Amino acid sequence: MKPKVAVFDFTGCEGCELNKLNFENELLDIIAHIDFVEWREAMDDKADEYDIAFIEGSISTPECVDRIHDIRNRSKILIALGACAVCGGMNAMKNQKPLEVAREEVYGKDKDLFPTLPALPLSAYVKVDFEIRGCPMTQQEFLRVVTALLMGKNPIIPDYAVCVECKLKENECVYGNGMICMGPITRAGCDAQCPSFGQYCIGCRGLVSHPNKEAMIEILTNHGLSVDEADKKMSLFNTENREGGLK
Amino acid sequence: MKGMFLSKESVVPFIEHLASQQKVFAPNKKVHGSITFEEVNDANDVVLNYARALLSVKKYFLPQRETLLKYKLDDNSFEKQEIEQVNAIFLGVHNYDLQAVLKLDYNFKNNNPEKNYLKRREGAVFVGISYEPDNFHFSQSVGIDPHNTNGFDLFLHKTEEGFVLEVLTKSGEKLLDGFGEISEFQGEYPRNENFNASLYAPQSKLKEVFANSYDNPIWKEMAEKCVGCGTCNLTCPTCFCFNVEDNVGITLKDGSRDRHLDGCMLRGFTEVAGGEIFRDELAGRMRHRIYRKFKYISDITGEPWCVGCGRCTIFCPAGISIVDIVNRLVSDYDKQQVLNEGQMTSVLD
Amino acid sequence: MIKTKNGELKELYYPTISEITKIEKFTDKEKWFEIRLPNGDDLQHQPGQFVEVSLFGIGEAPISVTSSPTKKGAFELCVRETGMLTEVMHRMESGDKIGIRGPFGQGYDIDAMKGKDILIIGGGIGIVPLRSLINYVIDNRQDFGKLIICYGAKTPDELLYPEELKRWEKDDNIEFHLTVDQGDENWSGNVGVITTLIPGLKLDLKNTIAAVTGPPIMYKFVLLSLQSKGLPDENVYMSLERRMKCGVGKCGHCQINHSYVCQDGPVYHYPTLKTMEEAI
């Protein structure tokens, strides 16, 4: 029996999902091994239970909260897909100001029609089995995770810095070109995509576990940022409310 | 052996002459923006005046990524990997990088000789070049004189007018067959001994220093600055640790067992199944890295396992300097010695 | 240029495809596997050595050999489900293929043990490599003096080799002590950590060699106990766990100071370990 797979979107740009629809060479191979049973962007069908649920987006409304609990209850494996689902993503910037202010800025006089919550990663509400990081997630990593799950093994998500992949690829360090790069403290797995194109890493895959934040702040301030700016750089893709935040 | 003179104008024809005989790898800045060794397609792309390549020529013998074997999942069979000799001329290699290769030879020849490395390494020919030490080179302190030609087949000593081309082996001499744009060189070889960075002590003394530095507070101090990104490991020409991973194709029919370079500064390096990490603290990892360069292997071979290329320092995003660490250990050791002597004297009084 | 003796070098990274011939479940977490190399070849290991188990698509993991080299035609592993490879291994069945590399590392110094009393101290899964030595001693009984086995587990449910424990218990040639940290309603034996067994032992101190294996936390206390008993450090051997990825002293993961555990260990003479920082 092929595993039943569903894809759901919450608060986010849906870029990760679109990225997945863009598989050209691999889509047939994937479909040979799994059954997509529910995927709003790609099909009309619905199902009651899922072997694997991929969830894109952060949780930012009371309705989202009910829905994510419901999906979790009906899924054997739940995978957070992309930066918003894994760590709140860009959406979490909203959490830096009072909710009411954010609500008014966005919805103006209609604000009462739109109840809102701080934008949080899935793990703040439900158990997340695996994470596919990145903004957007990369197709290669998605394939790696799916392959691993089909093999019955846990997907390996690197827990070392982007610098590792950058050096293996012999990229010139972008700090040398006056850029400020989050690579030294950002989790690898993207094959150092941005620095490979001469761009700095914005840290979209989140921090490595056990990061030495103080040391990174020192690096950033040595390159001309204020402590406040350094802090903002580090929190762009890393909300404080990870596991257990509001469970 | 004999010396020849190669004028600046003859450098490109010289490279072309080499490339007409064999594949040539040389420093290049066009491919990655950084200085990297690349196959020479156009002699004009070769950069001979450079400080250091991001990765040393080690990458041709111990590639960053390598497939160890390929397998089929349906019948549990595997295919052996054919390992090919590199058979190439490495042009413009700085002597510290060749010394590093000679050290890797030791690591891969000893105990269980490793075919993958040794076979690739076999056919390599090296044409060295002298360099101007910058603020990060300290090779002389680890016993590699700027004009040390040990291991090279040919060596280019830079002069005002061009290069003195020193012929060191028969294979080196053969490479020059049919190349007319050189003349016999008479006179002294150029010397350059101006290093801006240096260690305070030779290996003979460092042995003592490191035997007494395990608990030095510097490990904790440096760990406070270090982000643990592993850049120092990955750019080090004498680091050779690797990890092995199985990768399966999306058809689930076949896959490969691949290795890639790893680094002892990375937290997961010592993690075992079940999650225990044996060197969990950055300070311990930092100490392990430096001890590997100056003690663990060095106590056996008598040589430092660092070649003074300065990569770990110049590429460190946090600006941690291996020279500063070692020199601090030396000064702390010296201070301790003075204290000990003082105590001895007072006891004797 | 590098010249290598007799041309071709030994392949280090290719596994030998072997077959699982028997499986027994000991506990919820531990299973015992009997493995047959092609043609029933002997593994030719020493007690205390390990192999790299290789599963295509999954990876490799170092696992102690638990059978004695005196067993011919097949060898045995006892595997705790604790990581990806062992999880998959636990789902495997008799008749399945499994890759093996090795044996690797240094086992127990059998020559130094000959003619001596052998004291085995195994905590938890530490009994696995020790059982190789125990069975070696049992099969070569005339070469050794007394055989004293101390084995401790957390609970009675976690005891490994249930049938063999009964045999060791009954064997007049074996002094067998068993303890659990926490008993249950059916347990009538010793309750207490493994160190509680040591003070009661009657040892011929000069003539006893101890082989100790267990979780890292156990070593400190067992060593203290043995020291206060008066057993010289020279008479103690221990086995270490580390991340041994390649098994051939190349990948660097298992290194402690100057020593590669996959080469110089996993069994170490205690006086050597004492000189190594970070070891215990």
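Here is the naming used below: chain letters follow the sequence lines, and residue numbers restart at 1 for every chain. Nothing here was measured: the structure is a model prediction, and the numbers come from that model.
Between B/Tyr214 and B/Arg287, the closest side-chain pair of non-hydrogen atoms falls below 4.5 Å. A 4.5 Å side-chain heavy-atom check between C/Val65 and C/Leu43 finds at least one atom pair inside the cut-off. Using a 4.5 Å cut-off on side-chain heavy atoms (C-beta onward), C/Met238 and C/Val236 make contact. A heavy-atom distance below 4.5 Å is found between the side chains of B/Cys241 and B/Phe269. Contact annotation: the side chain of B/Asp153 never approaches that of B/Leu168 to less than 4.5 Å [non-hydrogen atoms, C-beta and beyond].
For the pair C/Glu60 and C/Arg101, the salt-bridge criterion is met [side-chain N within less than 4.0 Å of a carboxylate O]. With respect to B/Asp74 and B/Lys253, no salt bridge is recorded, no charged nitrogen being found less than 4.0 Å from a carboxylate O. Look at C/Arg243 and B/Glu271 and you find no salt bridge, because none of the NZ, NE, NH1 or NH2 atoms lies under 4.0 Å from a carboxylate O. Comment: C/Glu76 engages C/Arg131 in a salt bridge, judged by a side-chain N to carboxylate O separation of less than 4.0 angstrom. Between C/Asp157 and C/Lys29, none of the side-chain N atoms (NZ, or NE/NH1/NH2) sits under 4.0 Å from a carboxylate O, so this pair counts as no salt bridge.
Between chain C and the options B/Lys72, B/Glu114, B/Glu276, heavy-atom pairs under 4.5 Å are most frequent for B/Glu114. Among the candidates B/Val244, B/Asn107, B/Asp246, the residue making the largest number of heavy-atom pairs closer than 4.5 Å to chain C is B/Asp246. Across C/Gly252, C/Cys246, C/Pro216, the residue that shares the most heavy-atom pairs under 4.5 angstrom with chain B is C/Gly252. Your options are C/Glu278, C/Glu11, C/Lys250, C/Lys10, and the one with the most heavy-atom pairs under 4.5 Å with chain B is C/Lys250. Annotation: maximal heavy-atom pairing with chain C below 4.5 Å, among B/Leu261, B/Asn247, B/Leu252, B/Asn243, occurs at B/Asn243.
At most 12 heavy atoms of other shown residues, nucleotides or ligands fall within 6.0 angstrom of atom CD in C/Gln182. Atom NZ of C/Lys220 is surrounded by 12 or fewer heavy atoms from other residues, nucleotides or ligands within 6.0 Å.
Proximity to chain C (any heavy atom under 4.5 Å) is shown, for B/Lys295, by neither the backbone nor the side chain. If you measure heavy-atom distances from B/Ser256 to chain C, you find no contacts under 4.5 Å at all. Contacts between C/Pro62 and chain B at a heavy-atom distance below 4.5 Å are absent for every atom of the residue. Heavy atoms closer than 4.5 Å to chain B are found in the side chain of C/Leu12, but not in its backbone. Both the backbone and the side chain of C/Lys97 come within contact range of chain B, judged by heavy atoms closer than 4.5 Å. B/Gln81 touches chain C through backbone and side chain together, each having a heavy atom under 4.5 Å away. Residue contact with chain B, scored on non-hydrogen atoms closer than 4.5 Å, involves the side chain of C/Gln263 exclusively. With a threshold of 4.5 angstrom between heavy atoms, C/Gln255 approaches chain B through its backbone and through its side chain. Looking at B/Tyr71, the atoms closer than 4.5 Å to chain C (heavy atoms on both sides) all sit in the side chain, from C-beta outward. When heavy atoms are compared at a cutoff of 4.5 Å, C/Cys254 does not approach chain B at all. There is no contact between C/Ile98 and chain B, counting heavy-atom distances below 4.5 Å.
B/Ser77 and B/Asp75 are linked by a side-chain donor-acceptor pair at a separation below 3.5 angstrom, with hydrogens and angles left out of the test.
Using a 30° and 60° split on the angle between ring planes, B/Tyr291 and B/Tyr296 fall in the tilted class, from 30° to 60°.
Residues C/Tyr237 and C/Tyr270 keep their aromatic ring centres 6.0 Å or farther apart.
Below 4.5 Å, heavy atoms of chain C meet no heavy atom from residues 298-307 of chain B. Residues from residues 59-70 of chain B that place a non-hydrogen atom less than 4.5 Å from a non-hydrogen atom of chain C comprise B/Leu68, B/Leu69, given in numerical order.
Because its NZ or CZ atom is both nearer than 6.0 Å to the ring centre of B/Phe240 and within 45° of the ring axis, B/Arg292 counts as a cation-pi partner of that residue. In this structure, B/Arg121 forms no cation-pi arrangement with B/Phe108, as its terminal cationic atom is not both closer than 6.0 Å to the ring centre and no more than 45° off the ring axis.
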